[in-house]
2 protein chains.
Amino acid sequence: MSPNSFLGEFEQMVLLGILQEGDEAFALEVRREIERSADRTVSRGAFYTTLDRLERKGYVVWSEAESDDPRRTGPLRRFEVTPEGLLALRVSRRAFDALSRGLDEVLSEA
Amino acid sequence: MSPNSFLGEFEQMVLLGILQEGDEAFALEVRREIERSADRTVSRGAFYTTLDRLERKGYVVWSEAESDDPRRTGPLRRFEVTPEGLLALRVSRRAFDALSRGLDEVLSEA
DNA sequence: CACTGTATGTACACAATGTAGACACGCGTT
DNA sequence: AACGCGTGTCTACATTGTGTACATACAGTG
């Protein structure tokens with residue numbers, strides 16, 4: 001029934017990161033958010049590649065933004081999750097929630 | 001800090017499925033559990049491949065079991081999540097929980 | 001003005017994970 | 001013996017994850 005095309009692990013994180021940043025979802029801010037939350041490093045290459053794939057799937061869109069920092073140049077991409085992206089995220093979460101039901105104790109660290 | 005080697009989406013599901021089945025985590029039971037919870041089909045090939053990879057990583061172990069059904073033959077694998085597997089699962093979840101913080105409303109379906 | 005450092009973003013290659021299809025095997029039933 | 005059913009294996013290929021090297025632009029410094 002479901003599209004059988006699940007979001008990858010990292011794709012979900014990127015989507016969540018964008019949502020976290022709200023209106024201020026500049027690419028590298030999102031990246032930093034993920035690094036903070038997941039306690040790991042994320043290379044720019046990996047990050048932009050994933051962003052582009054999500055865009056191709058129609059799960060995110062972006063627009064140029066200007067910045068107050070005069071040193072910034074180029075596009076400065078600001079991202080937004082589309083309704084389709086949100087839906088995909090929800091579908092994934094629902095599956096996880098169902099599979100995690102009753103396992104809270106096991107899954108929470110000692 | 002973290003191993004930077006995240007569990008894949010499907011790998012997590014398999015781990016969760018095994019935990020759900022508890023002592024009765026026979027391969028195809030687990031598979032059915034995932035199909036139920038995630039509302040999608042899972043081919044045997046895909047499933048066993050993932051199981052083998054999890055085993056190579058030391059995240060699951062299995063033992064043969066006999067069955068009450070005389071028609072059943074061959075190994076009949078019963079799985080178990082190792083402490084390492086459980087840890088990996090927790091690490092992944094922690095990252096997701098952190099990234100999802102405050103997004104409950106957005107993520108719950110209408 | 002060239003030279004260096006910082007901040008974005010892009011291109012590309014390769015590794016890891018996800019997925020299906022075809023194959024093997026053994027037991028009951030016919 | 002031929003067939004169907006329930007398990008499990010092998011293998012090829014698609015998708016996703018990840019790093020490295022590169023390009024561009026501005027500010028500050030000499």
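Chain letters run A, B, ... following the sequence lines, proteins first and then strands; every chain starts at 1.
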Between P of D:dA12 and CZ of B:R53, the distance in whole Å
14 Å
Distance, rounded to the nearest Å, where B:E11 contributes CD and C:dA15 contributes C1':
13 Å
Using whole Å, report how far CG of B:D52 lies from P of D:dG8.
11 Å
In whole angstrom, give the distance that lies between atom CZ of B:R77 and atom C1' of C:dC25.
15 Å
Could you give the side-chain donor-acceptor pairs of residues 97-107 of chain B under 3.5 Å, partners two or more places apart or in another chain?
residue	atom	partner	partner atom	Å
B:S100	OG	A:R93	NH2	2.7
B:S100	OG	B:F96	O	2.7

Heavy-atom nearest pair, B:A46 first then B:F10, reads O-CE2, 4.0 Å
Contacts of B:L28 and B:T49 projected onto DNA chain D by closest heavy atom; the upstream (5') one is B:L28
For A:F10 and C:dT17, give me the distance from atom CZ to atom C1', rounded to whole Å.
15 Å
I'd like a list of close polar pairs between nucleotides 20-23 of chain D and the protein, N/O only, cut-off under 3.5 Å.
none

For the residue pair A:W62 and A:F79, does the interplanar ring angle fall in the parallel (under 30°), tilted (30 to 60°) or perpendicular (over 60°) class?
tilted
Among residues at least two apart in sequence or on other chains, which ones pass side chain to side chain contact (heavy atoms under 4.5 Å, CB included) with A:E84?
A:Y59, A:T82
Applying salt bridge (Lys or Arg N to Asp or Glu O under 4.0 Å) to B:E35 and B:R32, what does each step give before you reach the verdict?
CA-CA 5 Å; B:E35 293 192 317; B:R32 275 187 279 275; over 6 Å; no
Checking all strands, does A:Y48 fall into the base, sugar-phosphate, or nothing category for heavy-atom contacts under 4.0 angstrom?
base
Whole-Å distance separating the CG atom of A:L51 from the P atom of D:dG19:
16 Å
Pair A:R36 + A:E33, salt bridge at N-O below 4.0 Å:
yes
Roughly how many Å is it from CD in A:E29 to C1' in C:dG9, rounded to a whole number?
15 Å
Rounding to a whole Å, what distance do you find between A:E9:CD and C:dA15:P?
21 Å
Taking side-chain contact (heavy atoms from CB on, under 4.5 Å) as the criterion, tell me which of A:L54, A:L86, A:V30 meets it with A:L15.
A:L54
Report yes if at least one side-chain N or O of A:R31 is closer than 4.0 Å to OP1 or OP2 of C:dA7; otherwise report no.
no
Counting only side-chain N and O atoms of A:K57, is one of them less than 4.0 Å from OP1 or OP2 of D:dT15?
no
